[in-house]
Amino acid sequence: MSLKQRKRTSARRSGRRASQAVRRNLRPQQQPAEALPAVNHPEPVVSVIIPAMNEARTIAAVIAGARGVHPRCEVIVIVNGSADNTAEIAHRMGAKVITFPQPLGHDVGRSVGAEAARGDILLFTDGDLVISAAELRPFVEAVGSGADVALNDYSGPVRGRIAHPVILSKYTLNVMLGRPDLNGYSLTAVPHALSRKALTALGSAILSRPPLAHARAVLDGLKVKAVHKVPVGRMNAVRRKEDGRDLLQEVILSDHLEAMGLLLERRGERAGYSDAGRRREMVR
Amino acid sequence: MNTAKSNKQGISTRPSSADLQVSAVRSASRAAGGRRSANAAPRTAAGRPASGAARKPRRTTAAKRLAAGAKQTQKLPRKLGGKLSVIISARNEAKTLPLLLKQVQRLAPAEIIVVLNGCTDNSFQLARLCRQATVVHVPEPAGHDVGRSLGAKLSRGDILLFLDGDMVITAPQLAGFAAAVDGGVDVALNDLDGLLPPFGLSDHVTRSKLYLNMVLGRSDLGASSMTAVPHALSRRALEAIGYRELMVPPKAQALSLLKQLRVEKAGTVNVFKQNRLRQDNTGAGNRVEQLIIGDHAEALKAVLMLSRANTGAGSLQEQRSQLAAWRNAL
């Protein structure tokens, strides 16, 4: 038996077509920063918004990835509450840097960045997530071809019977919104992109509370679409907890509940779902 | 077609009481009823559909029964301290209703209330055969869970066991729910968590149930819900919730938890297996699914109303920035 034939068998077993070339490196190559212009375009089409807090270790690679999404691109880094040289590195990488000595608060950087953005497409990512341009481009392209909200096609781990409370909230919010097809995709997760139209409709302030922005986008009839999967859960750093209580989780959960409230305000107390012919007047 | 003796007055649930025929045929002697049920037990056991025999817990009960060789040895938990009311709602369940009634009688309840709505088969006649049952008959369809609410209103017991006429559940399985309430639980729920698929594959209804419990700080309840039967309530719970709210079971559940009632899982009865597949409860986006999602929306409305009253929205911005600082160990 020749070597070729044996190879073929293994390909069949793994479900891969024998003719297909084996991709040794599944992770896309990171583009070297030097290859791209290290300045913001004067008339940007895409604004990449990167909130960062003490991310000196990763910020250069994050900006490098962001630069590659579009030839006419501006990178805006919102450095807040940083004790390290995050701002300095971002500046050196040619990004527009907005600095706040105090921490702005979770997701508030997104609002600040959106305020400063001039592009027609706004791409949101985070200072601690190194994502290549190739992985970011689909979001930009989706908005470029008509979507208003381009979401990360990633729900987090859902193999167990019980999902994480935040994942459960995202799924349920989408069900209640009448968009179960969105599974657990949410504006809470980065990367995601917004059209200028979406930003104008929602306003930049609400972006600090992503679950509410998410609900508003669906309720306002914006085109909300899941476009590409970037499994950010694996990249996220494990953060501190206090006596097993995750305070951030509590904020996200209460934002989701408030998003439900918004939905009920807009669509009525059954969120627009029918009563299937219940004759309530029968029982008094 | 129905010749019910309308000897129960004071049920004025609808303006035209001619529509609503109530037949209250209460057995004069409880003892007679008890004997009847003892006789009924083995017959049902023999004639039970194969679906039941395939399940493990039931096989054990059946095995025990065989080993004992006598009908009296069927283990039903100790006698209840409180009076048991069993409330069965049904619509065209002539096939299963008599079998369920037999099982219910074995529990020796103080009363059995059967609420029939929109029946076009002989459910009514068959229900009347159970001498102890109070049969409420509403000719036209009343909608989901309206029967429960109506039955609860009519009930007088201390323990209210809610069942659906389309599902035959054996007496020993039912007994656990009544016993839980007798032992101090206010809302005894059916625990279906062990039967759920991975979250990624679960349906929208299950997710809504999980979410409601989680929001109310009771993730331990899993997907247990008053939407599912069997479940039992204490009289105290019924009074705290209000019988009208039982029409929207998730809302009733939210109110129970908000009012600090004791809500607990009280056993597992696989209702998925027996649930009758109908046109309106199968497939994604079916009518029943839409209904239950809407019910959960109503429940969340109740949660929001109460939680908003309790906490002022206030300095959220400040909270957020403090939180960020704390998380990044500044």
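Note: A/G160 leads A/G160, A/S274, A/A271, A/G261 in heavy-atom pairs under 4.5 Å with chain B. Among B/T206, B/L212, B/L201, B/V248, the residue making the largest number of heavy-atom pairs under 4.5 Å with chain A is B/V248. For chain A, the option among B/A142, B/G143, B/P141, B/S208 with the highest count of heavy-atom pairs below 4.5 Å is B/A142. Contacts with chain A were tallied for B/R244, B/K301, B/H296; B/R244 has the most, counting heavy-atom pairs under 4.5 Å.
Look at A/R161 and B/D193 and you find no salt bridge, because none of the NZ, NE, NH1 or NH2 atoms lies under 4.0 Å from a carboxylate O.
For A/H164, the NE2 atom sits in a packed shell: over 12 heavy atoms of surrounding residues, nucleotides or ligands are nearer than 6.0 Å.
For the pair B/R207 (side chain) and A/Y171 (backbone), a donor-acceptor distance under 3.5 Å is absent.
The minimum heavy-atom distance between A/R278 and B/P249, with the atom names listed, is NH2-CD, 4.1 Å. Residue B/L291 comes nearest to A/D275 through the heavy atom pair CD1-O, 3.1 Å, listed as atom of the first residue, atom of the second, then distance. The two residues B/L210 and A/I162 make their nearest non-hydrogen contact at CD2-CD1, 4.0 Å.
Inter-residue side-chain proximity for B/V146 and A/R280 is flagged as unmet; no heavy-atom pair is nearer than 4.5 Å. Within the 4.5 Å cutoff, the side chain of B/L300 has no heavy atoms near those of the A/E269 side chain. Residues A/L253 and B/M214 are in side-chain contact: their nearest non-hydrogen atoms beyond the backbone lie under 4.5 Å apart. The closest side-chain heavy-atom distance from A/T172 to B/H204 is not below 4.5 Å. Two residues are said to be in side-chain contact when any heavy atoms from C-beta on lie closer than 4.5 Å; B/N117 and A/R279 fail this criterion.
There is no contact between B/S202 and chain A, counting heavy-atom distances below 4.5 Å. Residue A/E265 touches chain B through its side chain alone, counting heavy-atom pairs closer than 4.5 Å.
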Exercise for the section: Take A/H256 and B/Y211, measure what side chain to side chain contact (heavy atoms under 4.5 Å, CB included) needs, and give me the verdict at the end. Expected result: CA-CA 11 Å; A/H256 273 91; B/Y211 181 71; 4.1 Å; yes
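Going from atom CD of B/E298 over to atom OH of A/Y273 covers 13.5 Å, rounded to the nearest 0.5 Å. In this structure, A/M282 CE and B/E140 CD are separated by 6.5 Å, a value rounded to the nearest 0.5 Å.
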